[in-house]
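Only one structure is covered here, and it is reproduced in the block below.
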Amino acid sequence: MTATATLEFSVTTSKNRRSDEERARILANPGFGVNFSDHMVGIDWSLERGWYNARVQPYGPLSLDPACSVLHYAQEIFEGLKAYRHADGSVWAFRPQANAARMQRSAERLALPPLPEAEFLESIRQLILVDKAWVPTAPETSLYLRPFTIASERFLGVRAAQHASYYVIGSPAGAYFPKGVAPVSIWVSEHYTRAGRGGTGAAKCGGNYSASLLPQQEAYKQGCSQVLFLDAVHGTYLEELGGMNLFLVRKDGSLLTPSLTGSILEGVTRDSLIQLAKDQGRVVEERQITLEEVQAGMNNGEISEAFACGTAAVITPICSIKGKDFVAGRDDAPAGELTMSLRKALTDIQYGRAADPHGWMMKLA
Ligand code: COI
């Protein structure tokens with residue numbers, strides 16, 4: 001049972017809301033992460049007061065002191081979840097409690113204050129109440145919600161900040177990759193790693209993503225859409241992609257995905273797909289997977305499909321995995337059948353086209 005939020009949200013509506021025509025123009029072709037709804041949520045925190053000043057306010061720039069600690073020491077965490085429009089016009093979130101829980105774990109790792117689950121859920125509900133019209137209706141579109149917490153204390157000493165601010169912004173979203181669900185190629189970074197033992201790999205913090213940008217550029221130069229990181233200790237085991245988890249499908253229909261070793265993001269989509277595959281009676285193995293095994297398996301047919309998954313990526317088929325001196329799979333390989341059927345099973349639940357046996361959907365408005 002979900003606790004009730006104790007904070008009261010004040011609501012200041014925007015005087016500059018986009019017109020219905022302008023919003024319709026944006027929603028007709030939302031792209032990913034480039035357009036934002038008219039409002040945002042903010043909640044402040046201090047060591048003395050705890051969480052306070054919960055509000056819905058017009059979307060707009062933040063005013064930050066140049067000495068505030070997020071700008072210097074990257075004390076920041078974030079989440080990503082989506083609000084889906086159902087056929088009857090209602091708007092739903094997918095497993096938002098899982099995002100709330102992960103954000104609390106990230107907060108603990110980054111020495112930021114954990115926002116209680118009830119406040120997290122209420123914050124996204126409050127945003128949808130004012131910006132429901134920004135949840136698109138076109139197939140496979142949604143309003144991507146980005147909750148984040150920053151250390152906002154004005155202080156240059158290196159210690160956990162005593163002031164923080166939590167925000168939620170909403171961004172209408174279509175496919176994450178420009179080519180939609182067309183299969184993508186992946187580049188294995190053999191030089192850079194994403195997370196070390198005892199580091200922040202399992203936390204959803206900005207620093208993990210900034211460290212992935214240079215290897216991600218390397219991937220683009222090789223004509224690939226995402227970088228794949230190997231473990232930092234042996235340089236052998238698959239970890240995750242720049243911004244999503246990885247699955248492999250064996251020719252017998254079983255699934256294989258890197259186990260959560262503490263340096264991989266505990267993806268909500270990853271977890272949901274494991275459940276959906278098990279519901280179908282499939283074997284799902286979570287274990288350490290060597291690059292060598294993947295190269296051999298993709299080339300001898302033992303591994304018949306591969307895909308990336310995440311809130312933004314949903315499920316995106318992978319046609320090839322490449323490195324300095326190898327290519328596994330083929331650039332012209334079509335999307336895998338099981339990949340696309342899992343994608344359908346997941347999105348059917350998210351868009352209310354199928355029953356929700358695990359009670360994953362939460363109605364927002
Ligand atoms: C998400 O899938 O929500 C993420 O945060 C990953 C990023 C590539 C947008």
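When a ligand or atom number is given, it counts from 1 through the structure's own listing order.
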N/O pairs closer than 3.5 Å, ligand 1 and protein:
unit_1: ligand 1; atom_1: 2 (O); unit_2: Thr311; atom_2: N; d: 3.3
unit_1: ligand 1; atom_1: 2 (O); unit_2: Ala312; atom_2: N; d: 2.9
unit_1: ligand 1; atom_1: 3 (O); unit_2: Tyr144; atom_2: OH; d: 2.5
unit_1: ligand 1; atom_1: 5 (O); unit_2: Tyr144; atom_2: OH; d: 3.3
unit_1: ligand 1; atom_1: 5 (O); unit_2: Arg146; atom_2: NH2; d: 3.4
unit_1: ligand 1; atom_1: 5 (O); unit_2: Lys204; atom_2: NZ; d: 2.8

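- Salt bridge Arg25/Glu22: present, at least one basic N to carboxylate O contact under 4.0 Å.
- Environment of CZ in Arg154: sparse, with no more than 12 heavy atoms of neighbouring residues, nucleotides or ligands closer than 6.0 Å.
- Applying the side-chain contact (heavy atoms from CB on, under 4.5 Å) test to Tyr220 and every residue at least two apart in sequence or in another chain returns Gln216.
- Annotation for Gln75 and Ala161: closest pair OE1-N, 3.3 Å, computed over non-hydrogen atoms.
- Considering only residues two or more places apart in sequence or on other chains, His191 meets the ring-ring contact (aromatic ring centres under 6.0 Å, His included) condition with none of them.
- Judged as a ring-ring contact (aromatic ring centres under 6.0 Å, His included), and not counting sequence neighbours, Trp187 has no contacts.
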